[in-house]
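What follows is one structure encoded as structure tokens, with my remarks underneath.
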Amino acid sequence: MRYNITLPVLVVGLFLQFVAFGQALRIPENNNFTSMIGRRISVTDVQIRWNAPKVNGRDGAIWGTNVAYFGSQVLGFGSNVASPWRAGADECTTISFSTDVLVNGSPLPAGKYALFLELGAEESTWIFNKNVEEWGTYFYDKNLDVLRVKTVQKKNQANLVERLTYQFENQTSNHVDIFLDWERWSIPMTIDVDDKKTILADIKKQMSGALGFDPASLIAAAEWCVINEINQEQAMDWITSA
């Protein structure tokens, strides 16, 4: 039996195959650099991954435009939910913390998050969202937000930053400032860690392994607890074991 396949049906079939292949195919481009940056604060690792677009002659036409819009907007292309800005380009920007932290003074559990920005003319909001697999913010789900914190951006900076970047500055033993810098805006957030709590948790983890049988390590762990006036009872156990 013969089947007659009309040209429109054939075209649609080929188009669907091309779409399926196109979703799987990744060809490197030079438009938006895939970028990564990280920093260790005490025993806390902070990692940011983003795609970095260029100003590309749009000085003065970035913020409050369709490039980096204020508030939230419906982006189309199958998305029908108002979405914040992706704080980068292409796939969603992500940020991860190996321990619990404070962001602008608000607690955030350890984990990996999609990082978004709800921009405003004077004040903006950092958003930490559970869905790290989405493309940009097209399928943003507010119910997956873990934390939203306000920030005040610096505008009209003297130096033009051509390609969007994240920077770590002003680091201490338990604190670092992170800045999103692009064009002539700089948008900050502060990260603080409870260094005693996180260091103690790390020591306990180490002492639960082979180091728990090593006298020198047992003594060092106990001494740290005594000096920092913490975990005294277990410190005595470690000294006794040593």
Side-chain angles (χ1 to χ4, degrees), residues 33-52 87-88 91-117 126-133 144-151 164-181 186-242:
F33 292 169
T34 299
S35 307
M36 291 154 281
I37 193 171
R39 188 66 63 90
R40 173 165 288 189
I41 314 162
S42 186
V43 296
T44 302
D45 291 323
V46 183
Q47 302 282 340
I48 306 174
R49 182 185 177 95
W50 74 102
N51 289 299
E91 299 96 335
C92 64
T93 299
T94 61
I95 187 168
S96 64
F97 305 95
S98 63
T99 72
D100 297 349
V101 296
L102 295 174
V103 182
N104 289 8
S106 296
L108 180 66
K112 183 178 181 180
Y113 303 96
L115 181 63
F116 306 139
L117 264 170
W126 287 108
I127 301 170
F128 299 81
N129 186 276
K130 289 181 181 178
N131 185 2
V132 299
E133 301 298 332
L144 297 179
D145 288 351
V146 178
L147 179 66
R148 298 168 65 96
V149 293
K150 298 288 187 181
T151 188
L164 188 152
T165 187
Y166 286 84
Q167 300 285 352
F168 290 91
E169 297 182 14
N170 308 318
Q171 183 169 344
T172 67
S173 62
N174 63 350
H175 170 91
V176 74
D177 295 326
I178 300 176
F179 294 88
L180 183 162
D181 294 327
S186 183
I187 307 174
M189 75 170 80
T190 64
I191 305 298
D192 291 282
V193 299
D194 184 335
D195 53 349
K196 281 189 179 182
K197 178 181 176 181
T198 54
I199 291 173
L200 177 59
D202 187 62
I203 289 173
K204 286 183 175 181
K205 182 179 178 180
Q206 293 183 67
M207 299 309 294
S208 69
L211 292 181
F213 303 101
D214 175 48
S217 297
L218 288 163
I219 293 170
E223 286 181 343
W224 184 90
C225 291
V226 171
I227 291 171
N228 288 277
E229 300 179 347
I230 193 173
N231 198 44
Q232 301 287 331
E233 185 174 346
Q234 191 169 27
M236 288 300 299
D237 290 340
W238 286 335
I239 285 292
T240 300
S241 296

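All residue numbers refer to positions in the sequence shown, counting from 1.
- Not counting sequence neighbours, the partners of Tyr166 by the ring pair (Phe, Tyr, Trp, His ring centres under 6.0 Å) test are Trp50.
- Atom NZ of Lys130 sits about 16.0 Å away from atom NZ of Lys112, to the nearest 0.5 Å.
- Across Ala114 and Phe116, no two heavy atoms sit closer than the pair CB-CZ, 3.5 Å.
- Remark: Thr34 engages Asn51 in a side-chain hydrogen bond (donor to acceptor under 3.5 Å, both in side chains) (not counting sequence neighbours).
- Within the 4.5 Å cutoff, the side chain of Trp224 has no heavy atoms near those of the Asn231 side chain.
- Residues Phe128 and Leu115 form a side-chain contact, since some pair of their non-hydrogen atoms from C-beta on lies under 4.5 Å apart.
- Contact annotation: the side chain of Asp100 never approaches that of Pro107 to less than 4.5 Å [non-hydrogen atoms, C-beta and beyond].
- Expressed to the nearest 0.5 Å, how far CZ of Arg40 lies from CD of Gln171 amounts to 11.0 Å.
- Between Leu117 and Trp126, the closest side-chain pair of non-hydrogen atoms falls below 4.5 Å.
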Would you give me the side-chain donor-acceptor pairs under 3.5 Å for residues 187-195, sequence neighbours excluded?
unit_1 : atom_1 : unit_2 : atom_2 : d
Thr190 : OG1    : Asn104 : N      : 3.3
Thr190 : OG1    : Asn104 : OD1    : 3.2
Asp192 : OD1    : His175 : ND1    : 2.7
Asp194 : OD1    : Lys196 : N      : 3.4
Asp194 : OD1    : Lys197 : N      : 3.1

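- A distance of 12.0 Å separates CG in Leu144 from CD1 in Ile127, rounded to the nearest 0.5 Å.
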Listed pairs under 3.5 Å, donor-acceptor, residues 213-220 side chains, sequence neighbours left out:
unit_1 : atom_1 : unit_2 : atom_2 : d
Asp214 : OD2    : Ser217 : N      : 3.0
Asp214 : OD2    : Ser217 : OG     : 2.6

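- Atoms CD1 and CD1, from Ile178 and Ile37 in turn, are 8.5 Å apart once rounded to the nearest 0.5 Å.
- Side-chain atoms of Ser35 come within 3.5 Å of backbone atoms of Phe33 as a donor-acceptor pair (strictly under, hydrogens ignored).
- In terms of heavy-atom proximity, Ala87 sits nearest to Thr93 at O-OG1, 3.0 Å.
- At a cut-off of 3.5 Å, with distance as the only test, no side-chain donor of Thr172 or Asn170 sits close to an acceptor on the other residue.
- Residues Gln234 and Met207 have side chains not in contact (no heavy-atom distance under 4.5 Å, counting atoms from C-beta outward).
- Applying the 6.0 Å contact sphere to CD of Gln232 captures more than 12 heavy atoms from other residues, nucleotides or ligands.
- For Asp145, the side-chain hydrogen bond (donor to acceptor under 3.5 Å, both in side chains) partners two or more places apart in sequence, or in a different chain, are Asn129, Tyr140, Arg148.
- Distance alone, capped at 3.5 Å, places no donor-acceptor pair between the Thr99 side chain and the Thr198 backbone.
- Glu133 and Cys92 make their closest contact through N-SG, 4.5 Å (heavy atoms, listed as atom of the first residue, atom of the second, distance).
- For the atom pair CE (Met36) and CD1 (Ile48), the distance works out to 12.5 Å, reported to the nearest 0.5 Å.
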List the atom pairs, with distances to 0.1 Å, where a side-chain N or O of residues 235-242 and a protein N or O form a donor-acceptor pair under 3.5 Å, not counting sequence neighbours.
unit_1 : atom_1 : unit_2 : atom_2 : d
Thr240 : OG1    : Met236 : O      : 2.8
Ser241 : OG     : Asp237 : O      : 3.0

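- Looking at Gln47, its side chain never comes within 3.5 Å of a backbone N or O of Ser98 through a donor-acceptor pair.
- In this structure, CG on Leu200 lies 9.0 Å from CG on Asn228, to the nearest 0.5 angstrom.
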